[in-house]
Amino acid sequence: MASQEPAIQALQQQRLLLQLEYNAEKETFRQQTEQVGIERKVKRGDAWWPVKVTRSYYNSLNQLVVEVVRSTDTDIEHCFEFGKPVQFFSVETSDNSQSKDSGKKNIRYFRYTATVSYADGDRMVITVPDNISILDLQNTEKLGVQLSFDETSYRLMMDAIDRAIRGKGRMGYLRDLFYSRQKPETFVFPPMHFPYLNPSQESAVNMVLRAKDVAIVHGPPGTGKTTTLVEAIRETLMRENQVLVCAQSNMAVDWISEKLVDRGINVLRIGNPSRVNDKMLSFTYERRFEAHPDYAQLWAIRKAIRELRKQRKRGDEKFHQKLESLRSRATELEIRINSELFGEARVIASTLVGAANRLLDGQKFGTLFIDEAAQALEAACWIPMRRVTRVILAGDHCQLPPTVKSIAALKAGLGKTLMERIVEMHPEAVTLLKIQYRMNDDIMRFSSNYFYGGQVESAPEVKYRSILDLDIPIEWINPKHLDLPENPENPDNQEKPDYHEQFVGESFGRINKAEAELTLDTLQHYFERIGKQRLLEERIDVGIISPYRAQVQYLRRLLMKREYFKPFRRLISINTVDGFQGQERDVIVISMVRSNDEGNIGFLRDLRRMNVAITRARMKLIILGDKKTMTRHPFYRQLWRYIKSLSGQEEENSSSQEEEGDTYYTDEGTQDTLEGNGLTEEPIGG
């Protein structure tokens with residue numbers, strides 16, 4: 001048996017780092033609340049203002065909710081989703097003309113925290129405390145709602161670490177196993193064959209079925225990780241009555257839940273989905289609860305309880321007796337409905353934090369599946385682990401990492417996920433999926449060689465896929481060295497654009513307006529080569545990616561202004577790298593933004609994010625970025641050379657070019673030396 005000491009010490013260190021992250025995020029939130037204006041919060045997607053309360057009611061879980069709608073800036077993608085804490089506020093404008101503060105917006109926050117139930121387009125349903133005045137909200141003229149600091153998630157993660165430290169029995173065994181070289185236990189049986197899976201997917205499902213303790217499905221981009229995971233869950237349900245499936249985000253939980261439902265598996269989703277439609281809602285706990293035959297009776301009893309409280313008379317000795325009688329009947333019905341819902345479900349699905357929901361109190365499961373495990377903090381993974389015997393993790397630690405805002409906590413190891421730790425300690429528990437079904441082979445090859453040791457291969461049906469004959473699948477356009485044609489829309493202004501980046505406000509990021517214009521020019525030129533009719537008939541879809549939110553917002557505004565793109569707007573989506581995680585498009589255009597004389601590239605040094613960006617394209621990838629700035633970093637230098645080799649161009653000689661292992665300049669103004677493939681560098685999360 002492995003020693004407890006290394007595991008307990010490591011978890012104690014994790015708790016300290018989590019506290020550091022908590023303090024850093026709380027301070028950042030405080031500063032933003034005090035210093036960032038309402039308009040900026042709205043643009044960032046962190047606030048809706050103004051909003052109007054359209055109605056209030058008690059939902060099926062007997063919670064008081066209000067429904068709000070926003071009327072402006074509806075094209076801005078927001079950050080609201082189920083479970084996020086929010087605060088209402090009102091805005092008053094100072095109109096004292098004698099005062100220097102005339103016209104200043106004064107924000108008054110309501111003194112309670114509410115919780116998002118779901119947000120859909122321009123409508124949001126928010127759970128509020130039972131004792132508030134709805135009239136106050138309805139009568140507030142310039143009402144707004146903004147994200148609040150999420151104390152609950154941190155409290156649950158810290159509690160989970162404390163529980164893991166104290167853990168005995170199965171939990172203590174898994175804790176010690178994850179932090180030692182002791183081999184995980186496995187069952188022994190002949191491999192099962194699945195004709196609809198490829199050999200590496202089949203191997204992964206067999207490893208999951210054999211695992212007594214832990215198994216990892218490592219799925220590089222386009223390798224069918226979700227397909228494999230769904231099959232592993234389905235086969236596990238042949239041996240177990242019920243499993244728990246979790247992921248870091250609501251979107252990831254929705255995705256795996258939808259695929260399981262498509263396979264005919266009864267899923268009970270704890271929490272509301274991020275995409276609110278009938279299909280997604282149909283397997284949520286809330287919708288199933290109110291569809292139960294006994295719900296009408298329960299609703300009537302709850303209504304009677306509320307009426308009884310309103311009509312209470314002083315000295316009414318029978319009040320408590322009546323109230324307790326009604327409560328007892330309501331509780332009995334709730335238990336009966338819950339028992340039936342949980343009894344019927346084969347899969348219970350929730351976010352990692354959502355696994356702490358009181359509905360799961362007392363529930364035990366044989367197997368926990370964690371999807372997108374490489375995006376979750378280790379502390380979050382311990383929340384559902386107290387309920388299970390074994391754990392299966394799926395994801396890719398070479399793609400998006402968890403978000404860590406404290407640089408000190410990141411450098412001390414908070415960003416190292418449980419999946420990374422197990423891959424490092426127990427490589428025998430890992431299966432790499434090796435055949436990808438998304439990309440042209442030239443697009444995939446660089447990522448495969450750099451991140452996966454060249455082990456990922458292309459399926460024959462996608463290997464040579466392309467939109468245009470004899471098209472080069474990847475291009476890198478270096479804006480500063482373009483021989484630009486005359487601009488027919490503005491013949492009087494033929495000055496060469498300034499492709500230097502600009503900074504647009506604290507924590508909001510950088511922008512490169514000239515590069516944004518060139519991004520759309522490049523896409524328009526490619527569209528003209530394809531032809532309008534073919535684009536619309538074949539519905540060739542396009543993703544424009546930028547690592548910076550400011551650039552994303554600017555690109556969206558530019559796209560709306562350009563008449564040429566009007567027929568194609570539904571085919572084009574613009575988002576950050578994180579926004580494209582798990583997605584794919586026929587054409588991907590990446591605006592890198594960074595262009596400066598110092599060679600600073602900021603969090604573009606987090607190579608896992610770039611791995612996501614360059615592997616979203618099925619048939620065409622176009623990168624726009626200043627070569628001189630970007631290729632100071634060995635990763636981008638290798639990428640540049642790889643792309644040039646595809647087009648048969650020789651790398652031009654330059655006295656400024658460095659060879660592998662040479663020094664380059666970082667944002668801190670110091671010189672670093674990278675070894676190997678650059679992964680030894682501490683990435684900066686953005």
Could you walk me through whether E21 and V404 pass side chain to side chain contact (heavy atoms under 4.5 Å, CB included), step by step? CA-CA 7 Å; E21 171 73 356; V404 177; 3.5 Å; yes

Full working for side chain to side chain contact (heavy atoms under 4.5 Å, CB included) between F369 and V208: CA-CA 10 Å; F369 289 88; V208 167; 4.0 Å; yes

Would T615 and R438 count as a side-chain hydrogen bond (donor to acceptor under 3.5 Å, both in side chains) if you check the C-alpha gap in whole Å, the side-chain angles of each, and the deciding distance to 0.1 Å? CA-CA 9 Å; T615 55; R438 175 185 298 164; 4.6 Å; no

Please evaluate residues H426 and F178 with respect to the criterion ring-ring contact (aromatic ring centres under 6.0 Å, His included), reporting the C-alpha separation (whole Å), side-chain torsions for both, the decisive distance (0.1 Å), and the verdict. CA-CA 8 Å; H426 302 290; F178 295 161; 7.4 Å; no

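Between the side chains of S200 and N198, at least one donor N or O lies within less than 3.5 Å of an accepting N or O. Counting only N and O atoms by type, the side chains of D441 and S458 include a donor and acceptor under 3.5 Å apart. Counting only N and O atoms by type, the side chains of N272 and Y285 include no donor and acceptor under 3.5 Å apart. Between the side chains of Q375 and Q581, at least one donor-acceptor pair of N or O atoms lies under 3.5 Å. Between the side chains of E240 and T367, at least one donor N or O sits under 3.5 Å from an acceptor N or O. Residues S447 and N611 have side chains that bring a donor and an acceptor to within less than 3.5 angstrom of each other. The closest side-chain donor-acceptor pair between D150 and S153 falls under 3.5 angstrom. Under 3.5 Å, the side chains of Y154 and E25 contain a donor-acceptor pair of N or O atoms.
Between T417 and P401, every side-chain heavy-atom pair lies at or beyond the 4.5 Å cut-off.
Heavy-atom contacts from other residues, nucleotides or ligands closer than 6.0 Å to OH of Y464 number 12 or fewer. Within 6.0 Å of atom NZ in K405, 12 or fewer heavy atoms from other residues, nucleotides or ligands are found, so the atom counts as exposed in its surroundings. The neighbour count for M251 CE, taken as heavy atoms of other residues, nucleotides or ligands under 6.0 Å away, does not exceed 12. The number of heavy atoms from other shown groups lying within 6.0 Å of NZ (K183) does not exceed 12. Residue-environment remark: CH2 (W255) stays at or below the threshold of 12 foreign heavy atoms within 6.0 Å.
Listed by chain and number, the residues in a side-chain contact (heavy atoms from CB on, under 4.5 Å) with S257 are V253, V267, R269, F283, A349 (sequence neighbours excluded). For T223, the side-chain contact (heavy atoms from CB on, under 4.5 Å) partners at least two apart in sequence or on another chain are P220, L433, Q436, V456. For R15, the salt bridge (Lys or Arg N to Asp or Glu O under 4.0 Å) partners are D162, not counting sequence neighbours. With sequence neighbours excluded, the residues forming a side-chain contact (heavy atoms from CB on, under 4.5 Å) with M425 are R181, R421, listed by chain and number. Listed by chain and number, the residues in a side-chain contact (heavy atoms from CB on, under 4.5 Å) with E424 are K416 (sequence neighbours excluded).
In this structure, CE on M171 lies 8.0 Å from CZ on R386, to the nearest 0.5 angstrom. If you take CZ on R175 and OG on S180, they are separated by 11.0 Å, rounding to the nearest 0.5 Å. Taking CE from M192 and CG from L209, the interatomic distance works out to 6.5 Å, rounded to the nearest 0.5 Å.
Taking each heavy atom of Y636 and M592 in turn, the nearest pair found is CE2-CE, 3.4 Å.
The six-membered or imidazole ring of F603 lies near that of Y548, with a centre-to-centre distance under 6.0 Å.
Pairs of residues two or more places apart, or lying in two chains, never qualify as ring-ring contact (aromatic ring centres under 6.0 Å, His included) while including a residue from residues 345-366.
Ring orientation note: the planes of Y642 and F446 are tilted relative to one another, at an angle of 30° to 60°.
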